[in-house]
Amino acid sequence: MTEDDEKVKALENAYTEYEKIDSASLLKKHLSRAIFDKLKIRATNNGSTLMDVIQSGLKNPDSHVGLYAADQQSYDIFAELFDPVIEEYHGNFTPQDVHPELDWGSSEELGDLDPDGKYVISTRIRCARSIDGYTLNPTMTMNDYQELENKVQMALKSLEGELKGTFYTLMAMDKETQQQLIDDHFLFKEGDRFLEAANSNRFWPSGRGIFFNDAKTFLVWCNEEDHLRLISMEKGGNLSSVHARLVKAVTEVGQKLKFSRHRRLGYLTFCPTNLGTTIRASVHAKLPKLSADYPRFEEIASMYNLQIRGTEGEHTESKGGVYDISNKRRLGLTEREVVLEMRNGVLELIKQEKQLE
Ligand code: ADP
Ligand code: CIR
């Protein structure tokens, strides 16, 4: 048997096992036997196969989605699987649709979500960027990680004013500082099992790092799930101010680093849920009356295309009644529309909370 035959055999075996397993993931829903048979013999120019794309979902049946792009080309080579998952997650973005051009809209129109400071604890907007010329996590070499970290570090060095900050490589960070930054919601967690199974934590902590300004209102994550995550956050509900800072930062960093964009899918990310605008605009909020009936709370949130996460982020529980409420869709809408979707939904939830008081 050739090496390729062995890979197809291993895929066959894994898929046969997966067929017996219960999972509510989008992978399970869309990877039919017919699609599997079509894709099992394909590979990208990097040699990435269907296994590289689906292994996170195979190992974690509790995945919501379950697939990642092993490299940029995966979105095209395995399109018969990615397209229906993308269409369902982002709400009707069909294979014929093309993501719109960048349009940040106006920061001023967003206002403050909670001027009395009763419900919203903090507001955050993050977006992701991949850097042209570098492949994605599972196919990156140790050298790619280090080279990319150096490039990012150099690019961020020249930021000035409110965006001026310091880059901390994870290699040189003591565990206590790292944990404090995680607990304070500034730094990515370590050892995420979904990313681990996608083969994207290799060479950790090589090339991984975080940059932030003194006030920790502008942060950049380097080489975690994506090459770059750019984050603007602050206490309270001033979405205008958080948005203005992010737009300034992304614009300035984009003048120093070339971001990868797909002809149809917008800015390229490792996870298909992040494609397009790549924006997750969120609040940490307490809505005790509404969230007392959690299934109903989720149902109302999803009516406004919002997603609810726990206090420590994705796949975590709520602590002290604090929920992370954000836009779910990121693709097929402009940056302006995505942030307005979160704003309008959160304003509606606050209105409904007030009605219950
Ligand atoms: P991401 O948003 O980067 O996709 P996570 O859901 O893991 O990933 O969240 C990352 C971190 O950001 C977590 O510590 C989470 O609690 C924090 N976070 C998200 N939204 C807010 C917010 N509005 N205020 C404060 N922290 C937040
Ligand atoms: C999962 O499938 O649950 C993980 N691979 C994470 C998917 C990203 N989730 C999301 O809703 N944005």
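All ligand and atom numbering here is 1-based and tracks the order in the structure. Residue indices begin at 1 and follow the sequence shown.
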ask   = So, is the end of the Arg245 side chain (NZ or CZ) under 6.0 Å from the ring centre of Phe218 and within 45° of the ring's axis?
value = no
Among non-hydrogen protein atoms, atom 18 (N) of ligand 1 lies closest to Arg124 CD, 3.5 Å
Ligand 1 atoms nearer than 4.0 angstrom to some heavy atom of Ser282 are 19 (C), 20 (N), 21 (C), 22 (C), 23 (N)
Worksheet item: Would you call the rings of Tyr15 and Tyr18 parallel, tilted or perpendicular, where under 30° means parallel and over 60° means perpendicular?
Response: tilted
Where does the angle between the aromatic ring planes of His185 and His284 fall among parallel (under 30°), tilted (30 to 60°) and perpendicular (over 60°)? perpendicular
Among non-hydrogen protein atoms, atom 11 (O) of ligand 2 lies closest to Gln307 NE2, 2.9 Å
Any heavy atom of Val283 under 4.0 Å from ligand 1? The part involved is backbone
So the atoms of ligand 1 within less than 4.0 Å of a heavy atom of Met233 turn out to be 25 (C), 26 (N)
Basic-acidic side-chain contact under 4.0 Å: Glu317, Arg309 = no
Distance under 6.0 Å and angle within 45° of the ring axis: does Arg208 meet both against Tyr145?
yes
min-distance protein heavy atom vs atom 25 (C) of ligand 1 -> Ser122 OG, 3.1 Å
protein heavy-atom neighbour closest to atom 19 (C) of ligand 1 works out as Asp324 OD2, 3.2 Å
query: Under the 6.0 Å and 45° cation-pi test, does Lys286 pair with Tyr323?
result: no
| Could an N or O of ligand 2 be found under 3.5 Å from any N or O of Cys271, whether backbone or side chain? | no
Heavy-atom proximity to atom 5 (N) of ligand 2, picking from Phe270, Phe194, Tyr89, Tyr68, points to Tyr68
I'd like to know if the side chain of Thr278 and the backbone of Ala128 have a donor-acceptor N/O pair within less than 3.5 Å. yes
For Glu348, is there an ion pair with Arg343 - N to carboxylate O distance below 4.0 angstrom? no
Practice task
Taking only Lys NZ, Arg NE, NH1 and NH2, and the carboxylate oxygens of Asp or Glu, determine whether Glu12 and Lys40 approach each other closer than 4.0 Å.
Solution key: yes
Counting heavy atoms under 4.0 Å, the part of Arg193 that contacts ligand 2 is neither
Counting from 1 in the order shown, the ligand 1 atoms closer than 4.0 Å to a non-hydrogen atom of Arg229 are 1 (P), 3 (O), 4 (O)
**Study point:** Min heavy-atom dist Gly66 to ligand 2 below 4.0 Å
**Key:** yes
of all protein heavy atoms, closest to atom 12 (N) of ligand 2 is Thr273 OG1, 3.1 Å
protein heavy-atom neighbour closest to atom 7 (O) of ligand 1 works out as Glu314 N, 3.7 Å
Notebook entry, point to check: Is the closest heavy-atom distance from Arg330 to ligand 2 below 4.0 Å?
Noted result: yes
Heavy-atom proximity to atom 9 (O) of ligand 1, picking from Arg280, Glu234, Arg126, points to Arg280
At under 4.0 Å between heavy atoms, what of Arg309 touches ligand 2? The answer is side chain
Next on the checklist: Regarding Tyr68 and Glu225, do their side chains bring together a donor and an acceptor under 3.5 Å, going by distance alone?
Outcome noted: no
Any heavy atom of Glu312 under 4.0 Å from ligand 1? The part involved is backbone
Sequence neighbours excluded, the answer for side chain to side chain contact (heavy atoms under 4.5 Å, CB included) partners of Ala244 is Ser107
Note: Lys328, heavy atoms under 4.0 Å from ligand 2, region reported as neither
Quick note on ligand 1: atoms under 4.0 Å from a heavy atom of Arg309 include exactly 4 (O), 5 (P), 6 (O), 8 (O)
### Message
I'd like to check whether His64 has a polar contact with ligand 2, where a contact means an N/O of the residue lying under 3.5 Å from an N/O of the ligand.
### Response
yes
Would Trp221 count as a polar contact of ligand 1, with the cut-off being nitrogen or oxygen pairs under 3.5 Å? no
Point to revise | Cation-pi, Tyr89 ring and Lys328 (6.0 angstrom, 45 degrees) | key: yes
Counting only heavy atoms not in Met154, do more than 12 sit closer than 6.0 Å to its CE atom? no
Legend entry - Polar proximity ligand 2 side, His315 side, N/O cut 3.5 Å exclusive: yes
- Query: When hydrophobic residues are tied together by side-chain contacts of less than 4.5 Å, even through go-betweens, does Phe186 share a cluster with Leu228?
  - Reply: no
The protein heavy atom nearest to atom 2 (O) of ligand 2 is Val65 N, 2.8 Å
**Prompt:** If you measure from the Lys or Arg side-chain nitrogens to the Asp or Glu carboxylate oxygens, is any gap between Asp324 and Arg280 under 4.0 Å?
**Reply:** yes
Of His185, Glu224, Lys319, the residue with the heavy atom nearest atom 14 (O) of ligand 1 is His185
Hey, does the Lys NZ or Arg CZ of Arg129 hover above the aromatic six-ring of Tyr267, less than 6.0 Å from the centre and inside 45° of the axis?
yes
Of all protein heavy atoms, the one nearest atom 8 (C) of ligand 2 is Glu314 OE2, 3.1 Å
Note: Thr311, heavy atoms under 4.0 Å from ligand 1, region reported as backbone
